[in-house]
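Quick notes on the structure that follows.
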Amino acid sequence: MSELLKISLPDGSVREMPEGSTPADVAAAIGPGLAKAAIAAKVDGELRDIGRPFDGDAELALVTNRDEEEALELARHDFAHVLAEAVQALWPGTQITFGPATDDGFYYDVMAPEGRDPFGMDDLPAIEEKMREIIKADKPLRREAWSRQALIDKWQAEGESFKAEWAAELPEGEELTVYWSGDDWMDMCRGPHLPSTGKLDPQAFKLMRVAGAYWRGDQANAQLTRIYGTGWLNKKQLNAHLHRLEEAGKRDHRKLGREMDLFHLQEEAHGSVFWHPKGYKIWRELEAYMRRKMDGGGYREIKTPQLMDVRQWTQSGHWGKYAENMFAVPDIVPDVDEESGAASPKVANDADWMAIKPMNCPAHVLVFKQGITSYRDLPIRLGEMGCCHRNEPHGALHGLMRVRQFTQDDAHIFCTEDQVVEEVRKFCKLADEVYSDFGFKYHVKLALRPEKRFGSDADWDKAEQELRDAVAEAGMDNEDYGWEELPGEGAFYAPKLEWHLTDAIGRTWQVGTIQGDRVLPERLDATYVGEDGGRHRPVMLHRAIFGSYERFIGILIEHFAGKVPLWLAPTQAVVAPIVSDIDGYASEVLAKLEAAGLRAESDLRNEKINYKVREHSLKKVPHLLVVGKREQEEGTVAIRTLGEKDQQVLPLDDAIAMLKANATPPDLRRA
RNA sequence: GCUGCUGUAGCUCAGUGGUAGAGCGCGUCAUUGGUAAUGACGAGGUCGGGAGUUCAAUUCUCCCUAGCAGCACCA
């Protein structure tokens, strides 16, 4: 006999529904408007299909497009399925695999039919068209439970080997479900889904690109074609998103780097940066800043060799693990024919291999090992603006963000076991000061032991706990700091604390890190003399705040859209006379600016002031000092600040004092 | 490294089986103009590199190389 279910609604009311009824029935009982608007249901907190019957008494909240987070997730997931259906409709024999929602849309990984090339950009318009058809057909999406074997058999019968593999490996005991789109297409999916394809807005998605992606993310597996789309609830949201992408493109550091004449890259040294005078000014200012911070933090700066015998890298373990990403040269003088420039192919079997350093730490241990260190000397903090080379996979290179030659604000802290937590805590404070000086908000994450690792579990337990303790002492183990632990993401020798910056348009960048390492001191036999007169192993903390100068500058350019703070600006002010009669005064103003230590230029070209304003604005020069007859007579300058329309007329000395004050680096300003 | 796309003047980009074009920039001249482009004239290209097909290749094919998007990688 059938009983009535008690369904509690968010407003506290309870409705009695017959057994077998669904959230859709409840919506219909409440009113036709809601019935139409409702797209899913939260049943006892779990997001479910609106047409899935209740299991018993339940708390129900109906989901509509007003619940944007859930609605977007559902829509994107459905777009992914519609995408897969469209591709199979267009190209029968295409295998489907997997297609989730992403942060701004969806993708689906497919395998083109035998004999057909992987899908390309040219195929996207046709797929979009087919997707719109499917959406407009308003096909009902229906959930159905299947047995594992039936599902495997079906996939195999249809030649869907990836799906069959997947079905076979889904965890035991999990209910396997499929979703039908109409009666003619289905995909294996956990759901939930919208009640029908017609709930999607056919104008609210766009296929963006195709890319290769490995089956299950493993390079050893087949490469599929991943079709990416962006998906939204309506056209307005889609357009807003496309506009945001355009804006992000305008901040691209590669574009701004060229426009602002900061640096360039070229084939002959791909992955290495040619810094131009203006770009290198930013670098030098950052470097000077970081030196002040590290000097003040008890670090001592050293400089260690670029090239070391491979024996050293073998001992440290890097040669064994990373040789293919290192640059190595035989330690010989090649015979070169002066006429032709050809080097003789003299392979010196007896030559030692030297390797260019991919990191600074082994050399820092070697510095530490010179002489005998007492526990009284610890902690020893050795810093280096270390220039490293790594032969990165070519596809990984990206502007300043991923390069083959980079310089780190690197340092290693050698300390006793007892000092680790305190040193990590101090570092947290230093990192906070630095990021705050640039106006960055950040999150702190702890990357825990990876599967492949050196050292005992007990050591890892300890190392991970130390970092947790230090973060707790620094007061950062909370939501304000986005505190989170990431299993499996640590380095092979140690867990890592990571600092992730959030930039002006919401993207995150991992920059800073600190890692407690007990492996390298062991491998390179670093010791200190303890209180007891015996030899002890120091702990080595690897740490960096900028990470690499190249990448950090790239991040700054994008964060500020080229308009870096005055203290970093390569050219802080340009003096622009309105007519050439004033060139003399302009030069006088320039000389005074330079004497005050400001980075300034003059623009004496035979151009109108409009032209000069436009040009220097586009080059992101923070201040334009316009001088005409009036300014000359009165000994003033008219200051135009980037991004502002109004000018400010000040006596020259006052203007210089103001600029100088504003151009003071943030750490010196506080002093 | 893998998949897809791209490489034409300093930059952004058009174009063609018969050895090339625009805008900006650059140079010269005129103009001395008060806050986002003054005008005229001019110079500038082995069409990424190599091989092949062809009477003829910047264009079509293949290989290499670099870049772009993504994947994988990131000590």
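Letters go in sequence order (proteins before strands), and every chain restarts at 1.
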Please give the nucleotide sitting opposite [N] as a Watson-Crick or G-U wobble pair, both distances under 3.5 Å, or none.
N     : answer
B/C11 : B/G23
B/G17 : none
B/C71 : B/G1
B/G44 : none
B/G52 : B/C60
B/G39 : B/C29
B/G34 : none

On RNA chain B, does the nearest nucleotide to A/L642 precede the nearest nucleotide to A/S580 from the 5' side, or the other way round? Give the residue.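 So the residue in question is A/S580.
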What's the gap between [N] and [M] when it is taken at their [atom1] atoms, as a whole Å value?
N     : M     : atom1 : result
B/G10 : B/C29 : P     : 24 Å
B/A9  : B/G49 : P     : 11 Å
B/A56 : B/G1  : C1'   : 39 Å
B/U19 : B/C63 : P     : 29 Å
B/C55 : B/A43 : C1'   : 35 Å
B/G18 : B/U54 : C1'   : 12 Å
B/A20 : B/C71 : P     : 43 Å
B/U46 : B/G33 : C1'   : 44 Å

Between [atom2] on [N] and [atom1] on [X], what's the gap in Å once rounded to a whole number?
X      : N     : atom1 : atom2 : result
A/L256 : B/C11 : CG    : P     : 16 Å
A/E259 : B/U12 : CD    : P     : 9 Å
A/L224 : B/G4  : CG    : P     : 13 Å
A/E631 : B/U35 : CD    : C1'   : 11 Å
A/R605 : B/U38 : CZ    : P     : 11 Å
A/E615 : B/C11 : CD    : C1'   : 13 Å
A/K250 : B/U12 : NZ    : P     : 17 Å
A/E607 : B/G33 : CD    : C1'   : 11 Å

Note: A/K250-A/E247 ion pair, threshold 4.0 Å (strictly below):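 Result for this pair is yes, salt bridge flagged.
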Does the pair A/E601/A/K619 count as a salt bridge with the N-to-O cut at 4.0 Å?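 A/K619 and A/E601: not salt-bridged.
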May I ask you to verify if any side-chain N or O of A/N610 is less than 4.0 angstrom from the OP1 or OP2 atom of B/U35?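 The answer is no; no side-chain N or O of A/N610 sits under 4.0 Å from OP1 or OP2.
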Any donor-acceptor pair under 3.5 Å joining the side chain of A/T225 to the base of B/U3?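 No.
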Name the nucleic acid region contacted by [X], choosing base, sugar-phosphate or nothing; use a 4.0 angstrom heavy-atom cut-off, strictly under.
X      : result
A/K321 : nothing
A/I578 : base
A/A638 : base

Measure the acute angle between the ring planes of [X] and [Y], then classify it against the limits of 30° and 60° as parallel, tilted or perpendicular.
X      : Y      : value
A/F454 : A/F492 : perpendicular
A/F546 : A/F552 : parallel
A/H241 : A/W232 : tilted
A/W91  : A/F119 : tilted

Would you sort out whether A/D218 and A/R216 count as a salt bridge (Lys or Arg N to Asp or Glu O under 4.0 Å), showing the intermediate values? CA-CA 5 Å; A/D218 188 336; A/R216 307 184 133 191; over 6 Å; no
A/E498 side-chain N/O to A/T513 backbone N/O, donor-acceptor pair under 3.5 Å: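 The answer is no, because no donor-acceptor pair under 3.5 Å joins these two groups.
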Summarise protein proximity over nucleotides 66-75 of chain B in one line of letters, 5' to 3': B for base, S for sugar-phosphate only, - for none, counting protein heavy atoms closer than 4.0 Å. SSSSBBBBBB
Side chain of A/L618: nearest nucleotide among B/U35, B/C11, B/A36?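 The closest nucleotide is B/A36.
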Taking atom CG of A/D503 and atom CZ of A/F560, what is their separation to the nearest 0.5 Å?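 So the gap between those two atoms works out to 10.5 Å.
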Can you list every side-chain hydrogen bond (donor to acceptor under 3.5 Å, both in side chains) pair that touches residues 543-555 of chain A, not counting sequence neighbours?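 Sorted pair list: A/Y299-A/R543.
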Check A/M308 against A/P362 and note the closest heavy-atom contact, atom names and distance.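 Distance-wise, the nearest heavy atoms are CE-CB, 4.4 Å.
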Collect all protein-nucleotide pairs involving nucleotides 41-45 of chain B in which both atoms are nitrogen or oxygen and the distance is under 3.5 Å.
none

Around atom CD of A/Q266, are there more than 12 heavy atoms from other residues, nucleotides or ligands closer than 6.0 Å?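 Counting neighbours around CD of A/Q266, more than 12 heavy atoms of other residues, nucleotides or ligands fall under 6.0 Å, so yes.
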